[in-house]
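All residue numbers in this chain count up from 1 along the given sequence.
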Amino acid sequence: MLRPAVLVAAAALFAACGGTPTPPPPTRVEISSHPAEHQPPPRDAHNPFRRADRDPPPPRSEPQLPPAELDQALAAAAAARAAGDNVEVTQALLPCANKIPKSTRCEGELALVLAKSPGHRAESDYYLKHAIADDDPAADADFYGRLAEALRVAPMLPEAAVALQRRIARLPEPTAADWAALAEVLQGVPRREAEAAEALQRAFERDPSQLKYLRDAGELLSQVPGRGAEALVILERYRDSIRTTEPEALPALDRRIAQVRAETGQPAASTAPAQGKSAKPGTPK
């Protein structure tokens, strides 16, 4: 093996003799192994080979099960759901799903199961939308409550609000939690603040211990054009309710009330003299 000094000397001798080292051949640029992205042709809606996470079911075409068989399928699905067997629920409902005429309960229950699997996103969204599209008189409050939760997670907030309204309409005595759940969903839908505030007032009527319902209702109404006066009434009622229990919250609340007054053009509230204080000497009675 030649030492570095010998290599340097050989190179100098080669250059002195007028020799030019032959450069190595250029490296060939390989053709890219990543061709231009290919756009797939439009999907055939009737193609049986679908991806449930991307492709919704094909258009409705097959007839619905006879009423007796449909009832049996729904009963079997209910039993499987109670047992926690989602696979059996799916198998029981597939024969009545996406048929003509539509079964709201069949497709709603199927959507609730499919929504638990990310691999069925397109299918679950399809059945959720079709299940909420019609108000089924035979579907109970529990059904619409569970459907509302799946729609909220989807997220399909306007549809979730519809499901909660149908649930409340079916309950003989809606609870504060029912109205509060509706208010929460409505707050996520543009231009529904006034309805959310009304739902919170309904919740407060059923549980007056939850003063946060009163506070949030007033705050929501204060953001609705033309509803500032109503918001002031609610916010002042809330202030009176926490005057002794949460005195530390009063300064910020008073500033907010003053801001709403200014926005609505109402005069500032007059400060009444504290009760129990006698008039100063020389003050006319």
Side-chain angles (χ1 to χ4, degrees), residues 108 111 115 125 128-129 131-135 139 141-243 245-269:
D125 285 356
L128 283 172
K129 292 175 182 177
I132 196 60
D134 299 301
D135 190 348
D142 176 71
F143 170 82
Y144 278 112
R146 291 183 291 113
L147 190 63
E149 178 59 19
L151 288 164
R152 186 189 66 80
V153 173
M156 301 179 192
L157 297 185
E159 293 81 359
V162 171
L164 286 171
Q165 288 167 334
R166 291 177 184 169
R167 167 180 166 78
I168 288 173
R170 285 163 167 76
L171 292 172
E173 291 291 338
T175 66
D178 294 317
W179 287 108
L182 176 59
E184 181 181 358
V185 170
L186 287 171
Q187 288 179 66
V189 184
R191 297 178 296 278
R192 304 287 292 274
E193 294 87 357
E195 294 174 71
E198 181 181 350
L200 284 169
Q201 291 181 78
R202 296 285 188 89
F204 179 71
E205 290 170 2
R206 283 153 180 78
D207 188 357
S209 68
Q210 295 296 321
L211 292 172
K212 62 181 180 180
Y213 296 153
L214 199 62
R215 176 198 64 202
D216 293 347
E219 186 59 42
L220 283 169
L221 273 184
S222 72
Q223 302 170 33
V224 180
R227 306 293 293 272
E230 297 171 67
L232 280 173
V233 173
I234 296 174
L235 289 173
E236 289 173 347
R237 181 182 179 187
Y238 172 67
R239 180 184 58 189
D240 294 341
S241 299
I242 67 168
R243 192 178 296 279
T245 58
E246 299 179 52
E248 70 282 358
L250 292 177
L253 181 57
D254 283 335
R255 288 192 296 271
R256 179 57 181 150
I257 290 175
Q259 181 183 13
V260 176
R261 280 189 176 278
E263 292 171 352
T264 58
Q266 295 198 25

With Arg146, which residues qualify under salt bridge (charged side-chain N to carboxylate O under 4.0 Å, His left out), at least two apart? Glu109, Asp142

Can you see which heavy atom on Tyr213 is nearest to which on Asp207, and at what distance? CD1-O, 4.4 Å

To the nearest 0.5 Å, what is the distance between CG on Leu182 and CD1 on Ile168? 4.5 Å

What is the minimum heavy-atom distance between Leu211 and Phe204, and which atoms define it? CD2-CE1, 3.8 Å

Which atom names give the shortest non-hydrogen contact between Tyr238 and Leu253, and what distance separates them? CD2-CD2, 3.6 Å

With rounding to the nearest 0.5 Å, note down the distance linking CZ in Arg206 to CH2 in Trp179. 6.5 Å

At what distance, to the nearest 0.5 angstrom, does CD1 of Ile242 lie from CD of Glu248? 7.5 Å

Correct closest heavy-atom pair for Ala199 and Ala183 would be CB-CB, 3.8 Å

For the CD atom of Glu263 and the OG atom of Ser222, what is their distance to the nearest 0.5 Å? 7.0 Å

With Val162 as reference, evaluate Asp135, Val185, Ile132 under the side-chain contact (heavy atoms from CB on, under 4.5 Å) test and give the passing residue. Ile132

Shortest non-hydrogen separation from Leu151 to Ala163 and the atoms involved: CD1-CB, 4.1 Å

Take Arg243 and Leu250, measure what side-chain contact (heavy atoms from CB on, under 4.5 Å) needs, and give me the verdict at the end. CA-CA 7 Å; Arg243 192 178 296 279; Leu250 292 177; 4.1 Å; yes

Start with the C-alpha gap between Gln266 and Leu232, add the side-chain angles, then the distance that decides, and say whether side-chain contact (heavy atoms from CB on, under 4.5 Å) holds. CA-CA 10 Å; Gln266 295 198 25; Leu232 280 173; 3.7 Å; yes

Check against side-chain contact (heavy atoms from CB on, under 4.5 Å), Arg152 and Leu164: CA-CA 10 Å; Arg152 186 189 66 80; Leu164 286 171; over 6 Å; no

My understanding is that only residues two or more places apart in sequence, or in another chain, count here; which of them pass side chain to side chain contact (heavy atoms under 4.5 Å, CB included) with Arg255? Pro251, Ala252

On a heavy-atom basis, which atom in Val189 and which in Pro158 lie closest, and how many Å separate them? CG2-N, 3.9 Å

Can you tell if the side chain of Pro174 reaches within under 4.5 Å of the side chain of Arg202, non-hydrogen atoms only? no

Step by step, would you call Lys129 with Met156 a side-chain contact (heavy atoms from CB on, under 4.5 Å)? CA-CA 9 Å; Lys129 292 175 182 177; Met156 301 179 192; 3.9 Å; yes

Check against salt bridge (Lys or Arg N to Asp or Glu O under 4.0 Å), Arg261 and Glu236: CA-CA 11 Å; Arg261 280 189 176 278; Glu236 289 173 347; 2.6 Å; yes

Can you measure from CD1 (Ile257) to CD1 (Ile234) and round to the nearest 0.5 angstrom? 11.5 Å

Only one of Glu193, Glu198, Gln201 clears side-chain contact (heavy atoms from CB on, under 4.5 Å) with Leu221; which? Gln201

Over 12 foreign heavy atoms within 6.0 Å of CZ, Arg237: no

Rounded distance (nearest 0.5 Å) linking atom CD of Glu184 with atom CG of Asp216: 10.5 Å

Check: Arg192 side chain, Gly188 main-chain N or O, donor-acceptor pair, under 3.5 Å: no

Please examine the side chains of Arg215 and Arg256, heavy atoms only from C-beta on, and report whether any two atoms are closer than 4.5 Å. no

With sequence neighbours left out, what residues match Gln223 under side chain to side chain contact (heavy atoms under 4.5 Å, CB included)? Glu219

